[in-house]
Amino acid sequence: MTDRSTDVWGTRTPHARDTAWPVRVDQHLDAVDDADVDRWVQSACVLCSNGCACDIAVKDGRMVGVRGRAGDRVNHGRLGPKGLYASWQWSDQDRLTRPLVRENGELVATSWDRAMSTIVDRSRQTPALGHGFYTSGQLFLEEYYTLGVIGKAGLGTPHMDGNTRLCTATAAAALKESFGSDGQPGSYTDIDSCDAIFLFGHNMAETQTVLWSRVLDRMHGPDRPQVVAVDPRSTRVTEAARATGGVHLAPLPGTNQALMNGLLREILTNDWIDTRYVAEHTLGLDELVTTVDEYPPERVAEICGIDAGDLCRAAEIFGTTERVLSTVLQGFYQSHQATAAACQVNNLHLLRGMIGRPGCGVLQMNGQPTAQNTRECGADGDLPGFRNWNNPDHIDDLARLWNVDPLVIPHWAPPTHAMQLWRYVEQETIDFLWISATNPAVSLPQLPRIREILSRPDLFLVVQDGFLTETAQYADVVLPAAMWGEKQGTFTNATRTVHLSEQAVEPPGEARSDLDIFLDYARRMDFRDRDGQPLISWKDPEGAFEAWKECSRGRPCDYGGLTYELLRGDSGIPWPCTAEQPRGTDRLYTDGVFVTDPDQCEDYGHDLLTGGSTTPEEYRSSRPDGRAFLKAAPYTEPPETASADFPLICTTGRIVHHFHTRTKTGRSRRLREAAPSVWVELAAGDAERLGLADGDRVRVESARGAVEGPARIGAGRPGVVFIPFHYGYWDAADGHEPDGSPTAANELTLSDWDPVSKQPLFKIAAVRIAKLPED
Ligand code: SF4
C-alpha cells in the first residue's frame, strides 16, 4: 500500500449512479506480517465522525495494526490516514498508568482507593448544583449513559455538557428545529445515488477522508455528480466544485445566513419547489417567503462578497437537479447564526421534497466519532433518548425507568450548556468539575481565560484521560483511563450507524475504562433508587447497553432490536432498530412524517434570531401534526468584524493529518512528520500587502491573545486567515501553556456563541498580522 499520509484518499474505484460502492480493503501493520498476527479484533475507527469499521491486529498482547472491514456499510473496507496511522500508535507512549493526586502543588502517584476516596469526599461536601461534568465526543455509549444517569438521577445536576457543544451542537439544534428531533435524516448511500452534492462549510476531503473517497469514486464514474462548495478557503472540495462544473461560493466569514436566504429566494422565485410536498409536509412557508424576499442576489453578493451570478448558478443547480445531497459542518456550525443557517439547508430540501429518498439526503454532520451518543444518552445538556426537558410526561417516563422521584431529574430550566458551565466555574458557582476524555485547555475559545478558570485555587478538578494533557496538568486528581482497543463498548456515527468496538488488549498499568471509573464513583456515592436499590444495576458494558436499550425504546433513537451479538455481524447497523426493522433503518422520514408531534418532539423550538424559546402552549397551537418546520431568520452582522486595528478575519479548523488536540495523532510518527507544527494561511493579496513571503514567521493577534507560526500563502479569499486548531502545548517545553511562542489557535477566538445551539463562534475572530524578526 502507498504511504497514505501523502496518498490520502488512496486508489480510485469509480462507479456509476445507483450502483454499489466497490469494496477496497485498506490495511496497515507495524513491523509485522499478516502471518505474525495472533488475532484480529472487531472495532471501528474513532478519529472522526465517519465511523469506519475495522479489525485490530493483535500480537503478543499488543495492538500492531488495523484493516478495514469489507462488509461494512460505512467504509466498504477503506481507512484513511488517521485510521491507519493513529488508531493505536499512541498506545504505549507516555500513558498515564496510575492515578495522581495533587500534594503541595505537585501531582504524585497514588492508589485508586485514595484517588476515588478523595473525589467522593469532595463530592459529598458539594451540593448537587455545585457539580459540573464536562465530557467528550470520544467515549462509548455505555459510558455516556452511565454518566448521564449519575448526573441526572444520582446527583440531580443540570450542569453537564460535552465538548460536542464545540462541534455538533448545531447539527442537533438544526434537526430539532426543523424536524422535531435529533437524528440524521440521510444516509451515506445517498452519495452513491445523487446528481449533485452541496457541501456547506464542510471540508470533507480533510475531515472525513473515507467519505470523500466515496464522493471521488462517483466523480470518477460515468455520470458524476456536480459539486457545489460553500467555503471562504480554497480546498480540495472547492477544486472539485470547479472540476465538475459546479460552483465555489466563498462568503465572508459570518455571512452564511445571508447566503442561504439568497439561495432560498432564488429557489422560491423560480418556483423550483415541490408544491404538493410543501403543502402536505411542512409549515411556515409564508414567513420564509417574506423573510428571504429581502435577499435578492445583488444584496447577497454585497453582504457576502461573492458574485451574484455564482449564487444564481448554485441555486439553479439545487433547484433543477433531480437528486441533491447536502452536507453541513463546522463552516456553518462554528460561525455566526449557526442554527439559522443550518436550518436553511433543511429548508432547501423541504422545499424540493428531497428528504427520505435515495440521493436526496441531508447530512447534518458530526465532528467527533461518538458525538451522537453524547447527545442520545444524556451526557450533554439533553435528556436521554431525545426526551424533551420541558415535557412533564417525558420526565415522568425517565423517573419511572430509573425508579426515582421526578423532582430529582433537573428540568426546571434548560440544561446548562458548556459555555455557561464554564462561566459558572469562573463565577465560583461550580466548585467540583469532572472532565473526561477532552482537553479544554486547548479546544475551548479564548484560552487565556480558560487557563485562569482552570487555575482557580478552590476549584476541585478531576481529569480522566489516557495522557497528562494540557488540561490534566491543572487537575487535583488525575484518573488514568483505558482507551480504544483497551475496553469494550459501542458507538454511533454521523449516520446513526452503531458499531461494537471489542477489547483487543489490556490497558496499560492500572488504567481503567471510563465505564469502570463511573461505576466505581456511583458505588462509592451509594446512589439509590426509590426502593433503596442501587440506582445503577449494571456492572459491565453489555449490561449498560441493555439498560440503554430500555431507555431508548419507543423513542426516535430506538436501539431495542440491537444486541452485541447482532453487532458482531459483517456491518454496523443504523438505528432505529426494532422488531419491525431488525436490520435498522437507512434513512429517516421516508413517509414525510416528522417527529413534531408535541407529545413526541425533543424540543418546542426557538426563535432562530434571538434564541427565545417557544412555549409548549405556542408549540401546540401551531398544530405541527407531523409536519416539518420551515424556519426563517434575517441576516444580522456578526459580533466581531474587521476593523482598523484588526483588519483580517481568522477562521480556525481541522487539517487532514490531525484530530482534535493531537492527543493521538500527534503521537503518530507519520502524521506528526506530515504536519509537525502550526501555520498561518493567508491570501496572496494580503501577503503581498503585508510584505510576507511563504514561510516567513508571523505573529497573529486578536483582542484576546496571539499565535505565532510560519505563513503559508494560500489561494483563499482576501481578508481571511486560517489557522489549524490542533496545536497546543503538551509536546512543548512547558507542557501546558505558551512559553513565549503561542501555537494554539484558540488563543485568538472569542467567548460568544449561537443563541440556539450555544455553539461557540470559532470562525470570526478579527486579527492583525505582523512579520516576526528572523532569528
Ligand atoms: S475517515 Fe474518519 S473514521 Fe474513517 S478511517 Fe479516517 S479518521 Fe477514521
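Worth knowing before you read on, the calculation uses all heavy atoms, side chains too, and leaves out hydrogens, waters and symmetry mates. Along the sequence shown, residues are numbered consecutively beginning with 1. Counting starts at 1 for both ligands and their atoms, following the listed order.
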When rounded to the nearest 0.5 angstrom, what distance separates CZ in Phe200 from OG in Ser326?
->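 Atom-to-atom, Phe200:CZ and Ser326:OG are 4.5 Å apart.
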
Centroid-centroid distance, Phe545 to Tyr564, less than 6.0 Å |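 Under 6.0 Å, so yes.
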
Electrostatic pair [X]:[Y] at N-O distance under 4.0 angstrom:
{"X": "Glu506", "Y": "Arg62", "value": "no"}
{"X": "Asp36", "Y": "Lys59", "value": "no"}
{"X": "Arg17", "Y": "Asp195", "value": "yes"}

State the count of protein N/O/S atoms located less than 2.8 Å away from atom 8 (Fe) of ligand 1.
->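 Of the protein's nitrogen, oxygen and sulfur atoms, 1 lie under 2.8 Å from atom 8 (Fe) of ligand 1.
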
Tell me, with the steps shown, if Glu565 and Arg568 meet salt bridge (Lys or Arg N to Asp or Glu O under 4.0 Å).
-> CA-CA 5 Å; Glu565 207 43 49; Arg568 290 190 177 106; 2.9 Å; yes

